[in-house]
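Let me begin by presenting the structure, written as C-alpha cells, before commenting on it.
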Amino acid sequence: MGQRLIYRRRLSYNTKSNRRRISKTPGGRLVYLYTKKPGKVPRCGDCKEKLRGLPAVRPKKLMSMSRRKKMVSRSYGGSRCAKCVRERIVRAFLIEEEKIVVRVLKASKKR
C-alpha cells in the first residue's frame, strides 16, 4: 500500500479548481502539486472557429501579456478570422457599389 496523501489547501472537494497531480520530493515523500486550469483558444466572433496565431492562456495571464501577443496585425485581428474579415470587406464594397448604381440610375431617369 502506498503512502497517504493530504491536501495542501483548505478546499477539500474534487472540483475543477482543485485539480492536482502526485509528485515525489527529493526526500522520497509523495505530495500533491496543484495544476493550473488549461486556457481556451480564442474564437472568431462570427463563425466561432479557433483563431490561429493566438495562445491559449487563462484571462489573468492575458492581462500581463503585451498587445502584440494577443492579436494578429490585421484589421479585426484577435477578434475575427481572416475569412470573416474578407467577407465583411467584400460585403461593404458591394453595398457601396450598389449605392453608386442606384445614384447613376436616378441621374439617368432625370435626363
Side-chain angles (χ1 to χ4, degrees):
M1 179 136 174
Q3 174 194 340
R4 286 191 184 196
L5 291 160
I6 55 167
Y7 288 123
R8 301 167 94 176
R9 296 179 182 168
R10 287 177 185 262
L11 180 60
S12 61
Y13 299 104
N14 186 24
T15 59
K16 279 197 280 186
S17 63
N18 203 24
R19 289 209 180 122
R20 63 229 168 264
R21 64 183 174 86
I22 298 171
S23 175
K24 190 177 265 190
T25 63
R29 288 177 52 229
L30 295 177
V31 293
Y32 277 137
L33 290 183
Y34 290 91
T35 58
K36 289 194 162 66
K37 290 184 186 178
K40 283 192 174 181
V41 177
R43 291 180 173 271
C44 172
D46 292 345
C47 66
K48 308 300 182 218
E49 199 173 292
K50 288 181 182 175
L51 294 177
R52 290 168 291 285
L54 301 176
V57 292
R58 298 293 295 167
K60 195 169 184 181
K61 183 88 190 293
L62 275 175
M63 284 166 51
S64 63
M65 284 169 58
S66 66
R67 184 181 165 91
R68 190 181 65 80
K69 292 175 183 168
K70 291 184 276 192
M71 59 176 289
V72 292
S73 56
R74 181 179 62 236
S75 56
Y76 294 101
S79 169
R80 304 288 186 269
C81 66
K83 188 175 72 178
C84 292
V85 172
R86 191 181 305 122
E87 208 172 271
R88 279 172 180 234
I89 292 168
V90 170
R91 189 187 309 133
F93 175 76
L94 292 175
I95 289 169
E96 288 301 313
E97 285 291 305
E98 191 180 4
K99 286 178 185 174
I100 292 167
V101 168
V102 167
R103 210 176 298 138
V104 168
L105 287 174
K106 274 187 181 178
S108 65
K109 275 189 178 179
K110 282 184 180 177
R111 287 184 186 175

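For Ile6, the side-chain contact (heavy atoms from CB on, under 4.5 Å) test picks out no residue, with sequence neighbours left out. Looking at residues two or more places apart in sequence or on another chain, you find no side chain to side chain donor-acceptor pair (under 3.5 Å) involving Ser75. Checked against side chain to side chain donor-acceptor pair (under 3.5 Å), Ser66 has no partners two or more places apart in sequence or in another chain. For the side-chain contact (heavy atoms from CB on, under 4.5 Å) test, no residue two or more places apart in sequence or in another chain qualifies with Arg10. Among residues two or more places apart in sequence or in another chain, the side-chain contact (heavy atoms from CB on, under 4.5 Å) test is passed with Arg21 by Ser23, Leu33, Thr35. For Leu5, the side-chain contact (heavy atoms from CB on, under 4.5 Å) test picks out Ile22, Leu30, Tyr32, with sequence neighbours left out. Every residue two or more places apart in sequence or in another chain that forms a salt bridge (Lys or Arg N to Asp or Glu O under 4.0 Å) with Lys83 is listed here: Glu49.
For residues 30-41, there are no salt bridge (charged side-chain N to carboxylate O under 4.0 Å, His left out) pairs, not counting sequence neighbours. Among pairs with a residue in residues 54-76, none fulfils salt bridge (charged side-chain N to carboxylate O under 4.0 Å, His left out), at least two apart in sequence or across chains. For residues 86-99, the pairs satisfying salt bridge (charged side-chain N to carboxylate O under 4.0 Å, His left out) are Asp46-Arg88, Glu87-Arg91, Glu96-Lys99, with sequence neighbours left out. Screening residues 41-93 for ring pair (Phe, Tyr, Trp, His ring centres under 6.0 Å) gives no qualifying pairs among residues at least two apart or on separate chains.
With values rounded to the nearest 0.5 angstrom, Tyr7 atom OH is found 7.0 Å from Tyr34 atom OH.
Scanning both residues, Met65 and Pro55, for their nearest heavy atoms gives CE-CG, 3.5 Å. The two residues Cys81 and Cys47 have their closest heavy-atom pair at SG-SG, 3.6 Å.
Through side-chain heavy atoms spaced under 4.5 Å, either directly or across other Ile, Leu, Val, Met, Phe, Trp or Tyr residues, Leu54 is tied to Leu51, Val72.
Put simply, the side chain of Asn14 does not reach to within 4.5 Å of the side chain of Asn18, judged on heavy atoms.
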